[in-house]
Amino acid sequence: MALWLMKSEPDVFGIDDLKKSPNQTAGWDGVRNYQARNFMRQMKAGDGVLFYHSNATPSGLAGLAVIAAEAQPDPTQFDPASHYHDPKSDPAKPRWDWVTLQYVRHFKRLIPLTELKTYPELADLPLVQKGTRLSVHPVSQHDWDFILSIE
DNA sequence: GCCAACGTTGGC
DNA sequence: GCCAACGTTGGC
């Protein structure tokens, strides 16, 4: 089982929205970055996910989710009305995928990015590294365990 | 709103 | 293939 971190803006789709979704599951739409997409294609059902709130006050880790279904074409890429529409994507060979996430739980407290940056134990976590903007990336078992220990 | 960092596009 | 221009991300 692999572990991941996924970012979302709570004003657009936060962990509360995932919890309120039917069956507490939702397709993770809107990823339009190849590196992030390629990580999503590696995800398996049952993989753990840290749900991160970006562009928030404060930004930080909000809770846990689990991969409920593996990568499939993201339907928003073919929807001209969608903010995520990509006219260059060929329906015969879709460019963008999504995965389905299921809500697990909120953290007991939101763990702010500013705090995460203070731990030497998390120096390898891409989230805290300068210049890393990837919205989807892997998390090591060590970092996962450490984050749960400071919750 | 600012700005640094990174990704993508497109001319050549 | 190079690289400048532009767009996006995301913290602050």
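Just so you know, these numbers use all the heavy atoms, side chains as well, and skip hydrogens, waters and symmetry mates. Quick note on labels: first sequence line is chain A, next is B, and so on, each numbered from 1.
Residue A/Gln35 is classed as a sugar-phosphate contact, given heavy-atom separations below 4.0 Å to backbone atoms only.
With a 4.5 Å cut-off on side-chain heavy atoms, A/Leu61 and A/Leu5 count as touching.
In this structure, the side-chain contact (heavy atoms from CB on, under 4.5 Å) partners of A/Val128, at least two apart in sequence or on a different chain, are A/Leu113, A/Leu116, A/Lys117, A/Leu125. Take A/Phe39 and apply the side-chain contact (heavy atoms from CB on, under 4.5 Å) test, not counting sequence neighbours, and it matches A/Trp4, A/Gln42, A/Leu134, A/Val136, A/His137, A/Pro138.
Looking at residues 114-125 of chain A, you'll see that no heavy atom sits under 4.0 Å from any atom of DNA chain B.
Listed by first then second residue, pairs satisfying salt bridge (charged side-chain N to carboxylate O under 4.0 Å, His left out) with a partner in residues 2-16 of chain A number zero, not counting sequence neighbours. Contacts classified as salt bridge (charged side-chain N to carboxylate O under 4.0 Å, His left out) and involving residues 135-151 of chain A (residues at least two apart or in different chains) are given here: A/Arg105-A/Glu151. Annotation: salt bridge (charged side-chain N to carboxylate O under 4.0 Å, His left out) contacts involving residues 76-93 of chain A, sequence neighbours excluded, comprise A/Asp86-A/Arg95.
Along DNA chain C, read 5' to 3', the first and last nucleotides having any atom under 4.0 Å from a heavy atom of chain A are C/dT8 to C/dC12.
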Scan the side chains in residues 63-76 of chain A for donor-acceptor partners under 3.5 Å anywhere in the protein, sequence neighbours excluded, and list what turns up.
unit_1: A/Glu70; atom_1: OE2; unit_2: A/Ala45; atom_2: N; d: 3.4
unit_1: A/Asp74; atom_1: OD1; unit_2: A/Thr76; atom_2: N; d: 2.9
unit_1: A/Asp74; atom_1: OD1; unit_2: A/Thr76; atom_2: OG1; d: 2.7
unit_1: A/Asp74; atom_1: OD2; unit_2: A/Gly30; atom_2: N; d: 2.9
unit_1: A/Asp74; atom_1: OD2; unit_2: A/Arg32; atom_2: NH1; d: 3.1
unit_1: A/Asp74; atom_1: OD2; unit_2: A/Arg32; atom_2: NH2; d: 3.3
unit_1: A/Asp74; atom_1: OD2; unit_2: A/Thr76; atom_2: OG1; d: 3.2
unit_1: A/Thr76; atom_1: OG1; unit_2: A/Arg32; atom_2: NH2; d: 3.0

Side-chain donor/acceptor pairs under 3.5 Å, residues 97-104 of chain A, sequence neighbours excluded:
unit_1: A/Asp97; atom_1: OD2; unit_2: A/Arg41; atom_2: NE; d: 2.9
unit_1: A/Tyr103; atom_1: OH; unit_2: A/His106; atom_2: N; d: 3.1
unit_1: A/Tyr103; atom_1: OH; unit_2: A/His106; atom_2: ND1; d: 2.7

